[in-house]
Each structure stands twice: as C-alpha cells, then as structure tokens.
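Everything below concerns the one structure shown next.
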Amino acid sequence: EMKTILCILLGYLLGSLPFALIIGKVFYHTDIRQYGSGNLGGTNAGRVLGKKAGISVIVFDVLKVVLAIAIATQVSKVAGIWTGLACCIGHCYPIFAKFHGGKAVSTMFGFLFSTSIFLFQDASYLLVPFGMFIIILYLFKYVSLASMCAAISSSLYITALMLGFNVESISVIIASWLMTVLVIYRHRTNIEKIKKGIENTISWL
Ligand code: G3P
C-alpha cells in the first residue's frame, strides 16, 4: 500500500538524521567521526564530547524512531513496525552522512519503547533488554557487548511473548530479529577488539 511505503521511506529519512554528527558539529565544533571509535552514536559522542553530549544524542536518536513510528501507526500497526526497522537502517546507513552512521542500539531501543506503547500496551519487554544491558555492562564494562546481549535477549523475549499467528506479532518478531542481526553486524569491529582484548571500556557512565 502506498501510504505504508511512504511511512517506511519517512522512517529511513528520519533514521538518517545523524544526531551524533549534528550535535557534535553544532555545539562542540567537532566531527566525532574523526575521534574515538569514529561511530556516529551516543556512546562515541559521550566518549569524545562528554556525558551531556552522549545522553543528548541517545535521547534524539530514540525520539526520531518514536516520531517515525507514531506517524506510521496512524496508517497501521504493521506500518509502524516496518517503519521502525527502516529507521534503524537509516541510522546505520544514513543518506545524510555518506551512509556511515551508527550501530542501531538507541534506535532499536526506540523501536521497543514505541511498540510497547503504540502497538502492544505492554512495557514488560523493555525490562529484559534493559536489565541485560545493565548486568553485562556492570560485569564486562563494554557498552558494545552489553548492547548486543540486550538486542539478542529482547528478540528472544519478544519471540516467546508474541508468538502467535496474527500479522502484527509475526511482524514484530521478524523486525526485532532483523534489528538484532543489524546491531551485531554493525558491531563487527567491536567483536574483533573484544577478542583481542583492546575494546574500549566505559569511563563516562
Ligand atoms: O553505541 C554503540 C555501542 O554499542 C558501541 O559504540 O563507539 O564503542 O563502537 P562504540
């Protein structure tokens, strides 16, 4: 359907807004792609520019997904789900930043947050990734590892919780697994660094 396709396109464009680049350039006159991990995400903004910048980037990256999904759910719940995925893809491969973006952690959280409110009125599945993130971060001090574990745990939990035969639950299960694959694929250099023992540990949280 035409409206759904337009929402998905809007999701990709909103996801493409590189807030780590925008906030870094506008408020700190710094292109964070040249520092730290070079990633356009909240973690690297926090690492390079400080806690306030990191949190601001995370908030805006979450909000762009919430906005896109809020608009798309006016068309249908399924449009909301696929628009959320498009937003994550836009965040990782932004048309406004030469297709070099972030790692889809905040945007996946935004998807989970939005679907829990706009689609399913059930926030329980936010607790699983959130708890996993905190525990892994506390144990290993790697934001990257905590993010990947959070993504996997949320998809497992959503699969168990939503397994059913209506088009919305099947869509949310497939979309969350695709996001999880995207999150892990975008962390492939982090995985190599973890193996070598040279991955960054958190210092600003
Ligand atoms: O924000 C994504 C996080 O999981 C890793 O970011 O900059 O340490 O590669 P970074």
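In this text, all values refer to a predicted model and were calculated from it rather than measured experimentally. Position 1 is the first residue of the sequence; numbering continues from there. Counting starts at 1 for both ligands and their atoms, following the listed order.
- The distance from ligand 1 to the heavy atoms of Val143 drops below 4.0 Å at these ligand atoms: 3 (C), 4 (O).
- The side chain to side chain contact (heavy atoms under 4.5 Å, CB included) with Ile32 is formed by just one residue from the set Val57, Asn39, Leu49; it is Leu49.
- For ligand 1 and Ser37, the ligand atoms under 4.0 Å from any heavy atom of the residue are 7 (O), 9 (O), 10 (P).
- Under 4.0 Å from ligand 1, the heavy atoms of Asn190 that appear belong solely to its side chain.
- One N or O on the side chain of Thr180 and one on the backbone of Ala151 form a donor-acceptor pair closer than 3.5 Å.
- Ligand 1 lies out of reach of Gly41, whose nearest heavy atom is not under 4.0 Å from it.
- Residue Arg47 approaches ligand 1 through these ligand atoms, each under 4.0 Å from one of its heavy atoms: 7 (O), 8 (O), 10 (P).
- In terms of N/O distances under 3.5 Å, ligand 1 is approached by His187.
- Atoms of ligand 1 found under 4.0 Å from any heavy atom of Asn44 (numbered from 1 in listed order, with element): 7 (O).
- Per-residue contacts place Ser147 under 4.0 angstrom from the following atoms of ligand 1 (heavy atoms of the residue considered): 4 (O).
- Side-chain atoms of Tyr12 never come within 3.5 Å of backbone atoms of Cys88 as a donor-acceptor pair (strictly under, hydrogens ignored).
- Between Glu199 and ligand 1, no N or O atom pair is found at a separation short of 3.5 Å.
- In the vicinity of Ser144, heavy-atom distances shorter than 4.0 Å reach the ligand 1 atoms 4 (O).
- The residue among Asn200, Thr43, Val57 with a heavy atom at the shortest distance from atom 6 (O) of ligand 1 is Thr43.
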